[in-house]
Amino acid sequence: MKYDVIVVGAGLAGLVATAELTNAGKKVLLLDQEPEASLGGQAWWSFGGLFLVDSPEQRRMGIKDSQELAWQDWLGTAGFDRQEDEDYWGKKWAEAYVNFAATEKREWLHAQGIRFFPVVGWAERGGHLAEGPGNSVPRFHIVWGTGPGIVKPFEDKMRIAIDKGLVEYLPRHRVDELITKNGAVTGVRGAVLVPSAVARGVASSREVISGFELYAEAVLVTSGGMGANLELIRKNWPLRLGKAPKDMITGVPEHVDGRMLAITEQAGGRIVNRDRMWHYTEGIKNWNPVWANHGIRILPGPSSLWLDAKGKRLSAPNFPGFDTLGTLEALRATGYDYSWFILTQSIIEKEFALSGSEQNPDLTGKSIGKVLQRILPGPTTPVKAFMDKGEDFVVADTLPELVSGMNKMTGENLLKLDDIERQVIARDREMNNKFTKDLQITALRGARHYIGDKLVRVAAPHKLLNPKKGPLIAVRLHIVSRKTLGGLQTDLDGRVLDLTGNPIPGLYAAGEVAGFGGGGVHGYRSLEGTFLGGCIFSGRQAGRACANYTRA
């Protein structure tokens with residue numbers, strides 16, 4: 001047989017698995033429906049945050065973390081409630097992943113050449129009780145080089161393996177069927193698509209020029225999720241979150257369509273936790289889109305005033321950056337697909353970051369000089385571009401002008417100046433003392449006790465109507481699709497399980513298509529920094545297990 005393993009999908013999980021397989025001397029066929037320009041998949045576009053526990057970076061920032069605290073946070077965030085069935089393997093994967101993040105993960109990544117920005121970010125702050133959802137401490141480690149910096153070491157390993165004759169990489173090869181024989185998966189069947197020179201993320205042709213049928217001892221599916229398939233998202237939308245949005249923007253390129261989920265299910269694989277998904281509530285339309293309906297997520301600090309479409313302030317703990325799923329549920333109850341931030345120039349210049357490697361050229365380009373420019377007055381260049389060119393921003397010197405601009409943007413005239421002015425003034429009155437009943441103000445003041453937040457993430461508390469902190473800014477926020485949290489159920493070796501819970505011989509899965517492990521390692525919520533890490537960990541596990549399977 002020409003190949004030991006066929007890997008379907010050349011994203012991060014597929015590249016990591018390929019590296020593990022070739023380390024073991026296995027011959028790998030790596031297939032992907034997209035052109036070579038899209039090698040690395042969604043990881044390349046990412047901000048590059050990784051979840052680590054009790055790291056040197058944390059300790060240098062004065063953060064006291066532990067595996068026990070991280071596991072407490074994971075359980076409170078995941079909310080596993082199907083533990084006898086759909087969550088059985090997901091919880092086992094979660095425990096293994098937290099152990100990995102607290103022990104060898106950083107050292108292993110360091111050996112691959114991956115380095116980290118020294119300031120640890122605090123994502124998903126929770127805002128609930130100690131055992132509730134969210135990170136108790138900052139754990140979001142930004143890779144120096146962002147997403148491309150994560151992809152590159154594994155791409156380099158793949159190219160070295162190609163030179164050694166261990167890897168054949170075939171882009172524009174779309175898998176349409178898994179071939180089975182006597183209950184085992186033995187190969188793949190699909191279509192060769194017309195060559196394409198489109199740039200990364202741009203939609204490519206689906207014109208077929210020929211077919212293929214290829215065989216190996218094992219097939220490893222690492223094809224990603226369904227984040228761009230809005231029809232499938234709406235079909236699986238959970239009733240607990242209310243009605244699915246009519247209007248969403250898309251946080252991933254169009255080829256992230258979830259096709260391989262159904263194809264693997266047809267071959268006998270079991271999909272679990274279909275109703276679990278991860279979409280952000282702070283999306284803005286990209287003024288310079290790469291793919292259709294291109295959305296960018298704001299990574300907000302905690303100070304902006306968050307209002308629903310009618311101008312009512314969201315209740316605790318639905319503050320910026322605290323509880324993504326809880327905020328999504330609250331906003332779906334309003335009946336509208338958008339909401340608003342109101343903030344000041346002082347807040348935007350310190351607290352607004354944009355998700356994505358292309359929106360952070362300083363970190364992506366590993367430029368210390370450009371990173372240091374972030375401490376200068378004014379927003380970063382990418383944020384300023386959205387303020388000037390984006391359709392979701394309103395800038396005004398006074399609150400009446402701001403509200404008028406917000407109503408003009410939507411054309412719905414839902415916002416009443418008196419209502420918004422009352423809420424803003426009430427919030428500003430709470431600034432007169434260092435203590436307050438306003439939990440958002442308490443939270444942002446508390447955040448500045450962490451040196452990382454005080455230095456680069458959280459603006460000094462101030463009144464929104466203080467003219468010295470202006471101008472005022474309003475941002476219309478959309479729901480932006482992103483991650484699939486459910487998927488193919490796998491055991492800890494990445495073996496895909498059938499409807500009876502038994503492994504299908506020769507069939508493995510890793511990454512988002514497997515719910516980042518077990519069909520749902522995150523449960524209902526993510527602690528952030530766990531998507532890229534989930535691809536790495538599950539790709540590593542499945543790659544090693546595939547190598548052992550073919551050796552046997």
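Keep in mind the model is a prediction, meaning the values are calculated, not measured.
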Under the criterion salt bridge (charged side-chain N to carboxylate O under 4.0 Å, His left out), which of R544, K26, K157 is the partner of E20?
R544
Full working for side-chain contact (heavy atoms from CB on, under 4.5 Å) between K27 and E168
CA-CA 8 Å; K27 292 186 177 181; E168 186 174 359; over 6 Å; no
Modelled atom types, side-chain donor and acceptor of S136 and D73, under 3.5 Å:
yes
Distance-only polar pair, side chains of H128 and D323, donor-acceptor under 3.5 Å
yes
Between R457 (side chain only) and G452 (backbone N and O only), is there a donor and an acceptor less than 3.5 Å apart?
no
Should E95 and K91 count as an ion pair when the cut-off is N to O under 4.0 Å?
no
Do T530 and H522 have side-chain atoms, one donor and one acceptor, less than 3.5 Å apart?
yes
Does V8 offer a backbone N or O that forms a donor-acceptor pair with the side chain of T222 under 3.5 Å?
yes
Donor-acceptor under 3.5 Å (S46 side chain, G48 main chain):
yes
Taking the six-membered ring of W291 as reference, does the NZ or CZ atom of R200 fall below 6.0 Å from its centre and within a 45° cone about the axis?
no
R297 charged N/C atom sitting above Y280 aromatic ring, 6.0 Å / 45°:
yes
Please determine if R276 forms a cation-pi arrangement with Y524, meaning its NZ or CZ atom is less than 6.0 Å from the six-membered ring centre and no more than 45° off the ring axis.
yes
Just by distance, no angles: are the side chains of T324 and E124 close enough, under 3.5 Å, to form a donor-acceptor pair?
yes
Strictly distance-based, threshold 3.5 Å: is any side-chain N or O of K350 a donor or acceptor partner for the main-chain N or O of K454?
yes
Quick one: does any side-chain atom of T490 pair with a main-chain N or O of A509 as donor and acceptor, under 3.5 Å?
no
Report yes or no: do H255 and S204 form a side-chain donor-acceptor pair below 3.5 Å?
no
